[in-house]
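The structure under discussion appears below in the form of structure tokens.
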There are 2 protein chains.
Amino acid sequence: MAKGTEIDDLDRKILSILMRNAKKPYTDIAKQLFVSGGTIHVRMKKLEDAGIVKGYHLAVDPSKLGYDISAFLGIYLDKSSLYEDVARELAKIPEVVAAHYTTGLYSIFATIVCRDTKHLRDVLHDKVQKINGIQRTETFISLQESINRPIHITDEPFLDEEG
Amino acid sequence: MAKGTEIDDLDRKILSILMRNAKKPYTDIAKQLFVSGGTIHVRMKKLEDAGIVKGYHLAVDPSKLGYDISAFLGIYLDKSSLYEDVARELAKIPEVVAAHYTTGLYSIFATIVCRDTKHLRDVLHDKVQKINGIQRTETFISLQESINRPIHITDEPFLDEEG
DNA sequence: GTTGAAAAATTCCGCCG
DNA sequence: CGGCGGAATTTTTCAAC
């Protein structure tokens with residue numbers, strides 16, 4: 001895996017700012033970091049071309065859209081070699097927003113977001129449990145999300161809007 | 001909890017598009033949905049004011065920034081009443097990117113992102129295990145992330161870039 | 001990495017259905 | 001009242017240095 005892209009401190013600072021507020025104008029970031037707007041643009045193009053920046057996403061409040069329940073699923077497989085097949089089936093369930101192949105107790109760790117407890121029950125019973133290769137699942141319902149933030153990639157404790 | 005904001009199908013479609021690509025120009029979205037650019041702007045302002053849109057984030061590839069290990073932590077507390085205190089301490093650890101108070105086996109479910117196995121070991125041993133009130137933890141290392149996507153809020157199976 | 005000018009997008013406001 | 005359309009402002013983009 002060739003590593004043809006050097007990331008310096010300026011790149012990390014730009015990313016750190018945009019991870020928190022992707023709408024911040026390049027001109028503002030430039031002022032904050034004491035470089036020109038063009039430099040931010042060139043750096044971002046490099047980071048996008050290198051695949052380091054994967055996309056720009058809107059963060060929404062699921063509960064305000066009627067999605068009140070999120071839950072984590074620890075999934076036991078009949079055989080761990082079935083991982084690919086099961087992951088493909090999980091991807092077909094729109095309520096599944098994340099899935100990881102993991103070490104430890106479970107083979108797959110998935111996150112699902114549902115409207116209410118009935119919806120959750122339906123997804124688990126009618127969709128997840130029907131997937132071939134899943135032995136059983138353990139469900140952890142999230143009662144409260146206390147932390148949700150991007151990874152921290154700079155030395156600074158905080159680097160956010162306003163310059 | 002007053003519910004003073006009605007979300008219609010147009011709002012949901014706009015959100016669905018921007019959740020996948022927050023950089024998409026309002027003018028493009030307007031064309032795709034057969035309304036004017038001004039309408040997109042007004043709707044987005046409403047959605048932001050209502051707190052439905054919480055922010056705009058850059059998605060980055062952690063491994064390309066040298067963060068190769070992500071892991072899930074199932075945390076057992078001495079007493080579940082300690083949740084607030086423990087959550088506050090977890091928030092001080094920069095490597096902790098998510099934490100949920102959950103039903104089921106664990107009291108808290110956390111996600112951490114680290115550079116390598118040594119870094120992970122240091123975070124677990126020197127930071128997490130030192131927190132008062134944590135009885136023990138179970139660690140699930142993610143070997144592969146197969147699904148990671150926004151919640152699905154429209155009837156359409158897909159609604160993305162290009163109009 | 002910078003500058004400055006052209007192109008594009010966002011934002012705002014008066015008008016219409 | 002909610003959507004429309006154009007004009008003013010701001011931002012992005014891209015050349016040459």
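Worth knowing before you read on, the calculation uses all heavy atoms, side chains too, and leaves out hydrogens, waters and symmetry mates. So you know, we letter chains A, B, ... as the sequences are listed, proteins then strands, and number each from 1.
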Self-check item: Any donor-acceptor N/O pair, A:Y67 side chain to B:H152 backbone, under 3.5 Å
Solution: yes

Practice problem: Whole angstrom is fine here: how far is it from CD1 in A:I29 over to P in D:dT12? | Solution: 8 Å

Quiz item: What nucleotide, of C:dA9, D:dT12, C:dG1, holds the atom closest to the side chain of B:P25?
Solution: C:dA9

Quiz prompt | Nearest-Å distance for atom pair NZ/C1', residues B:K23 and D:dT11 | solution = 10 Å

Self-check item: Spacing between A:K31 atom NZ and C:dT2 atom P, to the nearest angstrom
Solution: 15 Å

Quiz item: Within this structure, what is the CD1-to-P distance between A:I40 and C:dG1, rounded to whole angstrom?
Solution: 10 Å

Practice problem: With the side chain of B:Y26 defined as its heavy atoms from C-beta on, choose the nearest nucleotide among C:dT2, C:dT10, D:dG2. | Solution: C:dT10

Quiz item: Taking the inter-plane angle between the rings of A:Y26 and A:H41 on a 0 to 90° scale, is it parallel (under 30°), tilted (30 to 60°) or perpendicular (over 60°)?
Solution: tilted

Exercise. For atom CG of B:N132, decide whether the heavy atoms of other residues, nucleotides or ligands shown that lie under 6.0 angstrom number more than 12.
Key: no

Self-check item: Side-chain N,O (B:R43) to OP1/OP2 (D:dG2) below 4.0 Å
Solution: no

Quiz prompt | Rounded distance in Å - CG (B:D28) to C1' (D:dT12) | solution = 14 Å

Exercise. Using the six-membered ring wherever Trp is involved, compare the ring planes of B:F109 and A:F109 and label them parallel, tilted or perpendicular (cut-offs 30° and 60°).
Key: parallel

Exercise. Take the protein atom NZ of A:K24 and the nucleotide atom C1' of D:dT12, then report the distance between them rounded to whole Å.
Key: 17 Å

Quiz item: How many Å lie between CG on B:D11 and P on D:dG3, as a whole number?
Solution: 9 Å

Self-check item: Proximity to the side chain of A:S36 - top-ranked nucleotide from D:dG3, C:dT10, C:dT2
Solution: C:dT2

Quiz item: Taking NZ from A:K46 and C1' from D:dC14, how many angstroms apart are they, rounded to a whole number?
Solution: 19 Å

Quiz item: When all nucleic acid strands are considered with a 4.0 Å heavy-atom cut-off, which category describes B:V35: base, sugar-phosphate, or nothing?
Solution: sugar-phosphate

Exercise. Over 60° means perpendicular and under 30° means parallel, so classify the ring planes of B:F140 and B:Y106, tilted if in between.
Key: perpendicular

Quiz item: Does A:H41 place a side-chain N or O at less than 4.0 Å from the phosphate oxygens OP1/OP2 of D:dT13?
Solution: yes

